[in-house]
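Computed from a predicted model, the values in this text were never measured in an experiment. Note that the numbering runs from 1 along the sequence shown for the chain.
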Amino acid sequence: MAVLGWLRERDNNLSALRRTGRAAIVLPALFAIGNLVIGNPVTALFASVGSVALLLFVDFGGPIRDRVFAQGALVLAGAALISLGTLVSRVVWLAAATTVVVAFVVLFSAVVSSVLASATNSLLVSFILPATLPGPVSTLPDRLLGWALAGVASMVAIAVLWPSPVRNPLRIATARACALLAQRLRTEVECVRCGFLPNLVAEVDDVIAESTTAVTALRRSFFGTPYRPTGLTTSTRTLVRLIDEVIWLDSILARMPVAEGHGTAGEAVAEVKLAAALLLDHGAGLLQSAPSAPDDLAGELARVREARAAMERAVTSALPDPDTAEFVTSLEPSFRAQEMSFAITAIAQNIELTVAARRRTWWEHLIGRRPDGAGSALSSLQERTGAHVVWNSVTMHNSLRGGIALGLAVLVAGLTGVEHSFWVAFGTMAVLRSNALSTGQNSVRALLGTVAGILVGSALILLLGHDTVVFWALLPIAVVFTGLAPAVISFAAGQAGFTVALLLLFSLIQPAGLRLGLLRVEDVAIGCAVSLVVGLVFWPRGAAAELRRAVGDGLAEAARYLRVAVEYGVSRCDDAVPDAAEPGTESRRAAAAARRLDDAFRGFLTERGPKHVPLPDVAALITAVAVLRLTAEAVLDLWRRDTGGPSGDRTAARTEVLAASDELARWYEAAARTLTGSAALPAVVSRDPAADARLLTAVHRDLAGDDHEGTAAAVKMIWTADHLDAARRLQPGLAGPVTVAARHSTLLS
């Protein structure tokens, strides 16, 4: 039990132990079939390496049926790559050039989904092995037979041998966060209505702490994986949007201190909160498939919209004298309620799409039938790939770096004529990282691990002589150590285990002892050298510098989107200017920048090395980009519900709001330039009371008149300014991280 507890601390959900346990059973069995039953060393080699690629290098998630289908698709794709690799293997330059293209495509495909991201190493192995083993087309059947044996065995193994539990931790964590945030809203309303009784104030504090902890855990889980945990399926795509919206909702509620009450339209604000809490609570139950959850959220969504409309009417009909100092303050609770209700409505709509997609029958999955309101998988594919087909994309850099490095490894191995050339490419693949320093460190670890494995394996071979029975007995143990060591010990230990397993395999095929081990050191050293050279030449500054550029790009694009959203909104109530077009292009550009930022952040997290700026500060930069985008969406929603707006000239009010949005956007664009080292960070823009007074003067006629539509337009103008103020409040928390990040030429690393 002590050993199991130790493993659980280092191996999350025992996933590495599960994978390596399967491989320890399948690999020796298939090697025995290929080597002893079929009597073909090529089949035995491809079956063995295929077992490693299909069982150690990949572990798909989801229901068993989906895993088996994904595994089958991987086997078919691997067979195609083996065929291609065999066809080009006899011409060195052709093999190298094809490797560059294939490796680039495989690595770049990781942006499409987590399924492809988790399978990249397996796909690369399926091509590299045949491409670096020159052979005529007549060897292709033997190679495919070995791969097919490994493929069939892997599909059986993942379904029968200790299958992974079926769960979606992100979906469950999202549902829990939603339920706690709903409880927070209900508790706050009760506290205000009961006059802030001490016991209720304490209860509010407790539920705030609990909900904040849940959202923090959700965020940690979401960003804690090296690739974005989503696929092309509708349910997983909408789940990603949900997580961003839940994090944003938590930040909105943090700006709604319950001690301030609900303002002059208190009861209307309370009703919006209660309706939103009910919607969020039912959505959480629906998301985690609770038996008591409703089949859909249409009724609750309608109730929130009705409560929000009633609140807006109450606000415009019960405003204090616009000449009094308390006027702007009186609008604050209703604005927060409006902002909160928009966020929860968006969350509920995405929950409905997520659940509707999960409830489709297998036939509807097969024919690609989508729930109403969901975009197509093809459009999602175009958006994701399009976001990264730019020169400043981290994925583009990593894919080019990996493709060039592996192609060069194949070329060097072919030209030097090393005996086991595929280990040159495998060594390159194992140690290549996003900067030269990390690549160099991994090269040293790989060589040390290989030397250690040679010493251990050679000692075993010398001691045991030609006792193949003991070799067969040791092979599963070596496989277990190979798969488990990187997770629970170190990368070098994994290399050592892999070397021992290799020595045992080749000693069973054709005893070579110490000579084979020395050849492996030579091959790995060549591969490491290739990786180091490529790492020094192509974007050597690594993931940290990539992250700096991605944050800057994300801030700039999100700020532009917000500015254009404000222009669209305030043009709809002013006869002096034509209605502006909705910012579709700006929305897509901001979304693409956010995808590139997400990719850069995950690469940064997985890169070894010290982080000179604390991760919470890095997270603050990431959050700022998301909040700016969602604020722009909230502004659009506020004005989209205006079917045309009242007539009249509102140039003065529009000018004040546009000036505020321009000033805000300029600050964030300057912060983006600061991160890239091209400008100094300007002073934080604080809220200007004089600007508030000018805006109030500009909308005074509408507020003081009898025209209800004019009053509503004036309130929306003020609420738009409040949205900008919410974005402005991010600046003090960003100034420090931006300044520190800009001070380090290798940002955060």
Participant: Measure across G554 and A593 and return the closest heavy-atom pair with its distance rounded to 0.1 Å.
Facilitator: CA-CB, 3.9 Å
Participant: Residues two or more places apart in sequence or in another chain: which of them pass ring-ring contact (aromatic ring centres under 6.0 Å, His included) with Y561?
Facilitator: none
Participant: Identify the heavy atoms of L628 and A727 that sit nearest to each other, and give their distance.
Facilitator: CD2-CB, 3.7 Å
Participant: Without swapping roles, check the side chain of R19 against the backbone of L56 for a donor-acceptor pair under 3.5 Å.
Facilitator: yes
Participant: Using salt bridge (charged side-chain N to carboxylate O under 4.0 Å, His left out) as the criterion, list what pairs up with R176, not counting sequence neighbours.
Facilitator: E210
Participant: Nearest 0.5 Å, what's the CG-NZ distance between L253 and K273?
Facilitator: 8.0 Å
Participant: Does a donor on one side chain and an acceptor on the other come within less than 3.5 Å for S51 and R22?
Facilitator: no
Participant: Quick check on R589: does its CZ atom have over 12 non-hydrogen neighbours (other residues, nucleotides or ligands) under 6.0 Å away?
Facilitator: no
Participant: Which pair of non-hydrogen atoms, one from A182 and one from A277, has the smallest distance, and what is that distance?
Facilitator: CB-O, 3.3 Å
Participant: Is V58 close to T120 at the side-chain level, that is, under 4.5 Å between some pair of heavy atoms?
Facilitator: no
Participant: Can you tell me if T212 uses its side chain to pair, donor with acceptor, with the backbone of A209 under 3.5 Å?
Facilitator: no
Participant: First locate atom CG of L27, then atom OG of S154, and finally report the distance between them rounded to the nearest 0.5 Å.
Facilitator: 12.0 Å
Participant: What's the separation between atom CH2 in W248 and atom CE in M340, rounded to the nearest 0.5 Å?
Facilitator: 11.5 Å
Participant: Is it true that a side-chain atom of S399 and a backbone atom of F108 form a donor plus acceptor pair closer than 3.5 Å?
Facilitator: yes
Participant: Quick check on side chain to side chain contact (heavy atoms under 4.5 Å, CB included): which of N350, I247, L218 does L242 satisfy it with?
Facilitator: N350
Participant: Quick one: are R67 and I64 in side-chain contact, heavy atoms under 4.5 Å?
Facilitator: yes
Participant: Begin with the C-alpha distance, continue with both residues' side-chain angles, and end with the deciding distance and a verdict on side chain to side chain contact (heavy atoms under 4.5 Å, CB included) for I158 and V68.
Facilitator: CA-CA 7 Å; I158 63 174; V68 173; 4.3 Å; yes
Participant: With rounding to the nearest 0.5 angstrom, report the OG to CG distance, S109 to L123.
Facilitator: 7.0 Å
Participant: Could you tell me if the side chain of C191 sits less than 4.5 Å from the side chain of V201, heavy atoms only?
Facilitator: yes
Participant: Yes or no on salt bridge (Lys or Arg N to Asp or Glu O under 4.0 Å) for R193 and E271, after CA distance, side-chain angles and deciding distance?
Facilitator: CA-CA 11 Å; R193 283 178 168 176; E271 287 300 320; 3.0 Å; yes
Participant: One pair to check against side chain to side chain contact (heavy atoms under 4.5 Å, CB included): I208 and V204. What are the steps and the verdict?
Facilitator: CA-CA 6 Å; I208 287 176; V204 168; 3.6 Å; yes
Participant: Using the rule given for side chain to side chain contact (heavy atoms under 4.5 Å, CB included), can you reason through L181 versus V215, listing the C-alpha separation, both sets of side-chain angles and the distance that settles it, and then say yes or no?
Facilitator: CA-CA 9 Å; L181 290 170; V215 174; 4.2 Å; yes
Participant: Dump the intermediate steps for side chain to side chain contact (heavy atoms under 4.5 Å, CB included) on V627 and T631, then the final yes or no.
Facilitator: CA-CA 6 Å; V627 170; T631 301; 3.8 Å; yes
Participant: To the nearest 0.5 angstrom, please state how far the CD1 atom of I252 sits from the CD atom of Q338.
Facilitator: 9.0 Å
Participant: Heavy atoms, side chains only, cut-off 4.5 Å: are T623 and R219 in contact?
Facilitator: yes
Participant: Return the minimal non-hydrogen interatomic distance between V272 and A337, and the atom names on each side.
Facilitator: CG1-O, 3.9 Å
Participant: As a quick check of understanding, evaluate side chain to side chain donor-acceptor pair (under 3.5 Å) for S341 and R305, giving each step before the final call.
Facilitator: CA-CA 8 Å; S341 66; R305 293 190 180 104; over 6 Å; no
Participant: For L301 and A348, which heavy atoms make the closest approach, and how far apart are they?
Facilitator: CD2-CB, 3.9 Å
Participant: Specify the closest pair of heavy atoms between A624 and L555, including all atoms of both residues, with the distance to one decimal.
Facilitator: CB-CD2, 4.1 Å
Participant: Distance from L287 atom CG to T174 atom OG1, nearest 0.5 Å?
Facilitator: 6.0 Å
Participant: Does the Q71 side chain pair with the main chain of L54, one donor and one acceptor, at a distance under 3.5 Å?
Facilitator: yes
Participant: With a 4.5 Å limit on heavy-atom distance, are the side chains of E633 and S587 in contact?
Facilitator: yes
Participant: Tell me, please, which residues at least two apart from E339 pass side chain to side chain donor-acceptor pair (under 3.5 Å).
Facilitator: R255, R336
Participant: If the test is salt bridge (charged side-chain N to carboxylate O under 4.0 Å, His left out), which one of D206, D281, D250 qualifies with R184?
Facilitator: D250
Participant: Given salt bridge (Lys or Arg N to Asp or Glu O under 4.0 Å), test R548 with D553 step by step and report yes or no.
Facilitator: CA-CA 9 Å; R548 178 182 61 186; D553 189 32; over 6 Å; no
